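First comes the structure, then the notes that go with it.
Just follow the structure's listing: the first ligand is 1, and inside any ligand the first atom is 1. Everything numeric here is computed off the predicted structure, so don't read it as measured data.
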Amino acid sequence: YAREELASQCTGMANLIGVHYLGVATICASWNMRLMNQVMRDTAEGEKTGDPCLISLAITEPGAGTDVEEVELVARAQVSTHARRVEGGYVVNGRKIFISNGHVSKWHMLCAYADLDNPAESMVMLAVKNGTPGFSFGRTEHKMGQKGCPASELIFDDCFISDDLVCFDLNQAKKQKRSMKETTMQVVDYVVSGSRAGVGGFGTGVARGAYEEALKYAAETEVDGKLLINHEWAQCALAEMYKNVAVSRMSYVETNYANGMYGMFKALQFKPVFYYLKYMPAPIIDKFIQPFMNLGLTTWLFRKIMFDWQKAEDYQCTSGWASLSKFTATDAGVRNCQLALELMGQDGLRHDMRTEKHLRDSKLLQIYEGTNQLNRLNLFKCLVGRGYPQAQAFED
Ligand SMILES: Cc1cc2nc3c(=O)[nH]c(=O)nc-3n(C[C@H](O)[C@H](O)[C@H](O)COP(=O)(O)OP(=O)(O)OC[C@H]3O[C@@H](n4cnc5c(N)ncnc54)[C@H](O)[C@@H]3O)c2cc1C
């Protein structure tokens, strides 16, 4: 709801905050408890001192966008960010582009590949902090909307990342029950099931913002001697916009319900965990629980539960619903902006009416977090075609 509320006013601001949680979700989805403890403590410290410590997620490369968002496609992606195994860590070379919050984040969750010819089996997820030798920022993109949230280029030039900052790689995946490719898919699905629901919230917010602008305009503006709100065609347009907001909201609420039942937030449904987090004072957690976070055993246990014990139908459900919400709400956002502009005529084009800003902002939502085409295919794969062995998704 918070994302919807923010996006109803400014999707750039909503994304500035939302993308940080994409970074957070990525660390959490790897269930690397030691690294989670380290990076999240930096973030909490930033909150206390008023010096924000944001986290970005860097996957997209100049030659690979959609391909690296979907495990089925990664195998044929033209990736170029290479993580070479050396003693004590990895040396990274390559570039990432269109990374939201890149320039304003302190930590960057980086996806690189140990074998560029076999990316599906060799993804390496690393936590990179600003100031690491060999890591620098390139250009900031001049994009059509969401200008409050910078999209950055990240450059890695013989950048050494030590083993303690390796979030997930083949060595770690070997300890899991499933193959490297399947475990990578679980990590990705945990992340996008949460983040695509969030983008669904953005889409709903934009749809609502455009609807509210149009409604206010229709209630105050006369056309042909009577208020616009009393013209039947305008009433139909407003009803359509209202429906778009309501359906979009239901889609992300339903997705979050699926995440709570079968996805990343499942652990919170376990009553002892729920009450422990709710009532345990922070100093006690710091003193007695924190040391356990750094034990390899803790990561092993969480990965056992969250990876090995997760059923295929669980991640199909959360991933499928997340895709549904993402394209339903973001398409509705763009559609409501168009309807609002049609209703407002030339007035809608003025910057001070805000509808044209909503339109520019909303178009970006259809592209990131997997384009809406990709999300339709993912919904097909997860929820429609799964009962039909002859149905093959992502084959072209
Ligand atoms: C504002 C903004 C912020 C972003 N933030 C981030 C970020 O924080 N981190 C990050 O890593 N990335 C980020 N991205 C990148 C984003 O995830 C990619 O733009 C997206 O994955 C699409 O990739 P692409 O632009 O390379 O398009 P392409 O992959 O080149 O796709 C072009 C077109 O082809 C279609 N297409 C491609 N492959 C297939 C296929 N197999 N089947 C069907 N259709 C296909 C696509 O749907 C699309 O219509 C951001 C992008 C934007 C615009």
Any nitrogen or oxygen of [X], side chain or backbone, less than 3.5 Å from one on ligand 1?
X     : result
Phe98 : yes
Ile59 : yes
Thr66 : yes

Inset, instruction - Please confirm whether the backbone N or O of His108 pairs with a side-chain atom of Ser105, one donor and one acceptor, at under 3.5 Å? - result: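 Such a contact is absent between Ser105 side chain and His108 backbone.
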Inset, instruction - Would you check if the side chain of Glu141 reaches a backbone N or O of Ala151 as a donor-acceptor pair within less than 3.5 Å? - result: no
Legend entry - Leu57 near ligand 1 by a heavy-atom separation under 4.0 Å: yes
Inset, instruction - Give a yes/no verdict on whether any heavy atom in Gln146 is under 4.0 Å from an atom of ligand 1. - result: no
Which is closest to [atom] in terms of heavy atoms, [options]?
atom                    : options                        : result
atom 18 (C) of ligand 1 : Leu377, Thr60, Leu365          : Thr60
atom 20 (C) of ligand 1 : Asn375, Ile367, Leu364, Asn372 : Ile367
atom 44 (N) of ligand 1 : Arg376, Gln373, Met144, Gln366 : Gln373

Legend entry - NZ/NE/NH1/NH2 to OD/OE distance under 4.0 Å, Lys326 and Glu369: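 Not counted as a salt bridge, because no side-chain N and carboxylate O are separated by less than 4.0 Å.
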Below 4.0 angstrom from a heavy atom of [X], which ligand 1 atoms are there? Numbered from 1 as shown, please.
X      : result
Leu73  : 41 (N)
Thr371 : 22 (C), 46 (C), 47 (O), 48 (C)
Ser100 : 3 (C), 4 (C), 5 (N), 6 (C), 7 (C), 8 (O)

Less than 3.5 Å apart, which donor and acceptor atoms pair up between the side chains of residues 245-256 and the rest of the protein, not counting sequence neighbours?
unit_1, atom_1, unit_2, atom_2, d
Ser248, OG, Asn244, O, 2.6
Arg249, NE, Glu4, OE1, 3.0
Arg249, NE, Glu4, OE2, 3.4
Arg249, NH2, Glu4, OE2, 2.7
Ser251, OG, Ser248, O, 2.7
Ser251, OG, Ser325, OG, 3.2
Tyr252, OH, Glu4, OE1, 2.6
Thr255, OG1, Ser251, O, 2.7
Thr255, OG1, Trp321, O, 3.1

Legend entry - Distance-only polar pair, side chains of Lys363 and Gln366, donor-acceptor under 3.5 Å: yes
